[in-house]
Protein chains: 2
Amino acid sequence: MAQIRNTPSKRFIQQALNDAGRALSLSEIQEATSGICDRVTVYRVLERLLNEGEVHRTVSLDGVVHYAKCSACETNGHTHVHDHHHVHFHCESCGDVTCLESVIPEFKLPRKYELHETNFMVSGLCPGCR
Amino acid sequence: MAQIRNTPSKRFIQQALNDAGRALSLSEIQEATSGICDRVTVYRVLERLLNEGEVHRTVSLDGVVHYAKCSACETNGHTHVHDHHHVHFHCESCGDVTCLESVIPEFKLPRKYELHETNFMVSGLCPGCR
DNA sequence: TGCTTAATGCAATTTTGTTGCAAATGTAAT
DNA sequence: ATTACATTTGCAACAAAATTGCATTAAGCA
Ligand SMILES: [Mn+2]
Ligand SMILES: [Mn+2]
Ligand SMILES: [Zn+2]
Ligand SMILES: [Zn+2]
């Protein structure tokens with residue numbers, strides 16, 4: 001299987017996601033890395049981080065893709081399957097997307113549906129903007 | 001206020017969404033309408049249908065935008081605010097996106113978050129593909 | 001210190017979405 | 001039926017976002 005390498009671009013992006021404490025939009029990441037690495041590299045690094053289970057992706061209703069380090073990952077050393085069934089909140093005012101790790105919706109799929117992943121995105125006003 | 005017109009393009013797209021009985025991706029709609037109307041018109045018609053409350057939009061985790069006629073709308077004559085808090089199922093095998101109208105997740109946001117819209121997308125295997 | 005192969009940069013290309021404007025057409029009034 | 005008028009459309013141009021190929025670089029290991 002493919003070996004995983006630790007490169008400056010990867011470190012930088014991971015750091016940014018760590019520091020942010022919220023989900024960053026692709027364009028935010030592009031901006032943050034401008035001068036650091038190429039635009040294409042950002043796409044590729046994020047793709048890799050997804051596969052490695054370091055980050056997860058969530059899409060807001062307006063179609064903007066966000067990436068976040070799932071805080072639940074911090075405890076374990078990874079390459080395990082982890083679920084991201086928590087809610088993501090998209091503030092319509094400030095635009096911030098936050099992982100609400102503790103908010104796990106309850107629902108029941110009809111018989112014979114097999115659940116793998118979820119993307120729960122809710123939008124409205126965050127505490128700061130209300 | 002602006003008057004609403006019933007045009008062939010609009011009728012066609014609405015019909016397609018009706019007949020499908022599931023959410024159609026933008027590209028599916030583009031294909032279906034190829035020869036019928038221009039690419040730009042599709043964007044504009046869908047935009048209008050959204051505003052008129054005839055359809056709703058949902059985005060799958062892979063970022064693909066889908067449009068669906070919400071079956072709950074059929075009873076009423078519209079221009080009411082309606083919520084689409086139901087779950088959408090995205091089959092990883094056949095790619096179909098379906099509105100699960102009856103599946104409304106239960107969850108509780110932390111204090112001071114104000115909820116407006118939701119986009120609940122879950123993926124896995126649909127009954128047909130399991 | 002080399003060797004292997006993953007990762008990067010860069011240019012080119014493709015895909016996706018937007019805008020401006022003239023022409024066409026749906027609808028309601030005459 | 002004809003007219004009037006705002007809405008809708010097509011088309012071309014533009015802009016933005018994402019993907020691909022390939023030569024070059026460099027991470028990690030022996
Ligand atoms: Mn995680
Ligand atoms: Mn509806
Ligand atoms: Zn906010
Ligand atoms: Zn299926």
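Labels below follow one simple rule: chain letters A, B, ... track the order of the sequence lines, proteins then strands, and each chain is numbered from 1.
At least one side-chain nitrogen or oxygen of T7(A) sits closer than 4.0 Å to the OP1 or OP2 atom of dT8(C). OP1 or OP2 of dG10(D) has at least one side-chain nitrogen or oxygen of T41(B) nearer than 4.0 Å.
Rounding to the nearest 0.5 Å gives a distance of 10.0 Å between CG of L24(B) and CD1 of I13(B).
Going from atom CG of D38(B) over to atom P of dA22(C) covers 18 Å, rounded to whole Å. With rounding to whole Å, R11(A) atom CZ is found 15 Å from dA6(C) atom C1'. One interatomic measurement links the two molecules: NZ of K10(B) to P of dT9(D), which rounds to 9 Å at whole-angstrom precision. Nucleotide dG17(C) holds its P atom 11 Å from the CD1 atom of I29(B), rounded to whole Å. If you take CD of E47(A) and P of dT19(D), they are 8 Å apart, rounded to a whole angstrom. Taking atom CD on Q30(B) and atom P on dT18(C), their separation rounds to 11 Å, with Å as the unit. One interatomic measurement links the two molecules: CG of L26(B) to C1' of dG17(C), which rounds to 9 Å at whole-angstrom precision. Rounded to whole angstrom, the span from the CD1 atom of I4(A) across to the P atom of dT8(C) amounts to 13 Å.
Annotation: of the two residues near DNA chain C, S27(B) and I36(A), the 5′-most nearest-nucleotide partner is I36(A). Residue order along DNA chain D, read from the 5' end via each residue's closest nucleotide, puts C37(B) first among P8(A) and C37(B).
The closest side-chain heavy-atom distance from P105(A) to V87(A) is below 4.5 Å.
When H86(A), H85(A), H90(A) are each tested for a ring-ring contact (aromatic ring centres under 6.0 Å, His included) with H88(A), only one passes: H86(A).
Taking only distance into account, the side chain of R5(B) meets the base of dA6(D) through a donor-acceptor pair shorter than 3.5 Å. For R39(B) against dG17(C), a side-chain N or O and a base N or O form a donor-acceptor pair under 3.5 Å. In the interface, the side chain of R44(B) is paired with the base of dG10(D) through a donor and an acceptor atom under 3.5 Å apart.
Closest approach to the Y43(A) side chain among dT19(D), dT18(C), dT27(C) is made by dT19(D) (side chain taken as heavy atoms from C-beta onward).
Within 4.0 Å (heavy atoms only), S9(A) reaches sugar-phosphate atoms of the nucleic acid but no base atom.
Taking the charged nitrogens against the carboxylate oxygens, E52(A) and K10(A) do have a contact shorter than 4.0 Å, which makes a salt bridge.
With no hydrogens or angles considered, no side-chain donor-acceptor pair links T7(A) and S9(A) at under 3.5 Å.
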